[in-house]
Amino acid sequence: MPISSDCRMIEPPSPIPFKTPPRHERGMRDSSGWRPTAYRSHTIGQVVANGADMVGSEVTLAGYAETVRGRGAICFLMLRDGTGRIQAFLKKDNMGEALFDAIQSATRESTVQVTGTVAQKRPPEVAEGEPSPPPEYEVNVSTGAILADAAAPLPVGVIDEVNVGLDVRLDNRHLDLRRAHVNAMFQLRAKVLQYGRDHLISEGFQEINTPKIIVAAAEGGTNLFSLQYFETPAYLSQSPQLYKQLAVLGGLERVFEIGPAFRAEKHDTYRHLNEFISFDIEGAWMDDEDVMGVLERMMCHIWSQVAANDLDLIDAVNVFRASQGQDPVSVEVPSLPFPRIPYCDAIDIVQAEGGEIEWGEDIESHHCDIIATQYPGFHFISRWPMSMKPFYIHHKEEERGSSGGQLSRGFDLNYGRDEMTSGGQREHRVDVLEQNLRDMGLEPADFTFYTDGFRYGAPPHAGWGLGVARLLMVLTGASNVREVVLFPRDRSRVTP
RNA sequence: GCCCUGAUGGUGUAGUGGCCUAUCAUGCAGCCCUGUCGAGGCUGCGACCCGGGUUCAAAUCCCGGUCGGGGCGCCA
């Protein structure tokens with residue numbers, strides 16, 4: 001369409017003269033500090049928030065055509081960008097007829113640029129006795145351009161209330177993301193990572209990055225994806241475990257990493273993916289209790305910051321939930337400390353409620369359901385049997401379980417039935433590490449890539465790994481991790 | 001890998017052997033309308049996952065396949 005070739009380019013940015021209240025509209029970004037760009041003089045959010053002061057001034061806006069209501073010689077275009085939503089009012093008399101017709105017949109979700117003057121919108125008719133809504137503002141368009149046409153029909157409706165299957169949504173994630181509640185979930189994800197970072201940095205942790213292409217497993221157990229690294233067979237990392245420990249051994253004291261982990265397991269559940277983002281920390285001179293403290297303080301910080309700053313995003317999620325007949329989610333800041341349930345006590349709880357489990361067996365999901373009835377929020381399950389933990393977990397000889405089995409300093413953080421975090425104090429004595437390997441039927445000579453790091457002095461240390469998507473599930477009420485992962489990778493999905 | 005369950009216009013659905021030339025919503029297309037705002041009115045468009053079988057007759061029953069959903073297992 002020739003019209004798209006003459007879209008208006010904006011002069012270079014000037015200082016922003018606005019004081020925008022944060023988040024004027026549910027789920028929209030605060031753009032009060034955003035500068036003009038080549039394609040717009042203002043964000044829609046800036047005009048919506050400052051409309052009263054801007055009446056009569058000319059603005060150029062750009063966004064997605066959410067709806068186009070043609071009325072013959074006039075036309076209402078609801079324009080949306082990531083910061084807000086505003087009505088553009090087009091009158092055939094006020095602009096070129098070809099442009100008017102082009103915009104009036106634009107398909108939904110086409111991107112459109114308009115230039116016009118800000119005006120107060122005529123108030124909608126309200127029923128007798130109803131209060132008039134607060135004044136709103138619109139743009140009386142004098143010129144514009146269609147930047148990119150959207151094909152019709154859309155595979156996923158952006159404002160339709162029809163519920164769309166997850167598979168169709170993920171195949172069209174770029175469109176799915178335009179939906180308010182989905183967009184809000186990913187804003188929340190960024191906030192959770194931001195607040196988590198803020199908190200760890202405030203406790204002296206520094207951010208690191210570790211390699212994801214490795215030659216040997218950083219730890220045993222799970223299956224790895226193999227690949228060819230030039231002439232060498234290699235794998236994708238399943239955990240930063242070894243590397244964050246080496247960083248601590250190297251004197252970085254307190255480190256964290258937010259990065260991908262890959263596991264070639266054929267699991268197919270709402271809470272597992274084959275590529276996921278793991279939020280890991282490791283700290284020197286710490287034991288399991290110390291890092292549990294870091295974790296619960298971080299959780300508390302994240303939840304209280306979301307409660308203070310981002311409830312509009314939660315609201316956006318709840319609006320959608322209400323349309324689907326689901327209960328709203330709420331942000332209840334957890335109190336400190338989180339309950340600590342030693343493994344032995346957890347077994348007692350499950351047994352007392354009729355669950356079948358013996359000391360030394362794993363606490364499975366249906367057991368967690370039982371525990372969660374008594375501890376519905378965040379809770380630690382600590383001091384697991386050494387036999388159930390990897391060789392690098394620390395133990396103290398004298399700490400024995402109710403049946404006499406060796407306990408470890410490994411712990412999990414659960415919420416409800418789901419495991420959020422696994423962590424523990426690490427074994428820093430190389431001779432004990434090697435004995436642990438032998439106890440588990442493994443050959444120390446096969447693990448020198450790991451144990452060699454411990455031969456030159458090692459601080460006692462501890463750490464944990466947190467599944468970011470699982471945390472988001474708790475915060476947003478999502479029932480599947482795929483909801484809160486942009487482009488999830490599971491057993492049957494490698495695209496888009 | 002196991003058990004259960006499902007596949008109908010672009011999307012979400014109704015439909016338990018003949019009443020299906022397939023329901024409804026949304027969508028899409030066209031027309032009318034110079035202030036709509038969940039716009040409205042009118043007219044259209046568009047679907048039974050694939051292959052085989054049973055039957056006079058299959059969206060519907062059977063078999064196989066493909067692809068989903070739920071539960072579980074596997075999973076530091």
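Being a predicted model, the structure only gives us computed values, none of them experimental. The chains referred to below are lettered A, B, ... by the order of the sequence lines, with proteins before strands, and numbering in each begins at 1.
- For the P atoms, the distance linking B/A39 with B/A59 amounts to 38 Å, nearest Å.
- Nucleic acid contact for A/Glu364: sugar-phosphate only, since backbone atoms but no base atoms lie under 4.0 Å from a heavy atom of the residue.
- For A/Tyr450 and A/Gln245, the side-chain atoms include at least one donor-acceptor pair closer than 3.5 Å.
- You'll find that the side chain of A/Arg122 is closest to B/G35, out of B/G73, B/G68, B/G35.
- If you check the side chains of A/Asp418 and A/Tyr270, you find a donor sitting under 3.5 Å from an acceptor.
- Base pairing of B/U66 is made with B/A7, judged by Watson-Crick or G-U wobble geometry with both donor-acceptor distances under 3.5 Å.
- Nucleotides of RNA chain B nearest to A/Ser278 and A/Pro153 differ in position, and the one nearer the 5' end is that of A/Pro153.
- With distances taken from any side-chain atom of A/Phe76 to the nucleotides B/C75, B/G35, B/A29, the minimum falls on B/G35.
- Using a 3.5 Å distance cut-off with no hydrogens or angles, the side chains of A/Arg271 and A/Ser365 do pair a donor with an acceptor.
- Heavy atoms of A/Val164 sit under 4.0 angstrom from primed sugar atoms or phosphate atoms, though from no base atom.
- Under 3.5 Å, the side chains of A/Asp431 and A/Gln435 contain no donor-acceptor pair of N or O atoms.
- Residue contacts shown for A/Gly72 include a base, since a base heavy atom lies under 4.0 Å away.
- A donor-acceptor contact under 3.5 Å links the side chain of A/Lys121 to the base of B/C37.
- For A/Phe89, whose side chain is taken as the heavy atoms from C-beta onward, the closest listed nucleotide among B/U11, B/A39, B/G35 is B/G35.
- When both pairing distances are held under 3.5 Å, B/A22 makes no Watson-Crick or G-U pair with any nucleotide shown.
- Between the side chain of A/Glu138 and the base of B/G35 there is at least one donor-acceptor pair of N/O atoms closer than 3.5 Å.
- Applying the 3.5 Å distance criterion, the base of B/C75 shares a donor-acceptor pair with the side chain of A/His272.
- Side-chain contact annotation: A/Ser110 with A/Thr107, donor-acceptor N/O pair under 3.5 Å present.
- For A/Arg108, the side-chain atoms get nearest to B/G27 when compared with the rest of B/G1, B/G68, B/G27.
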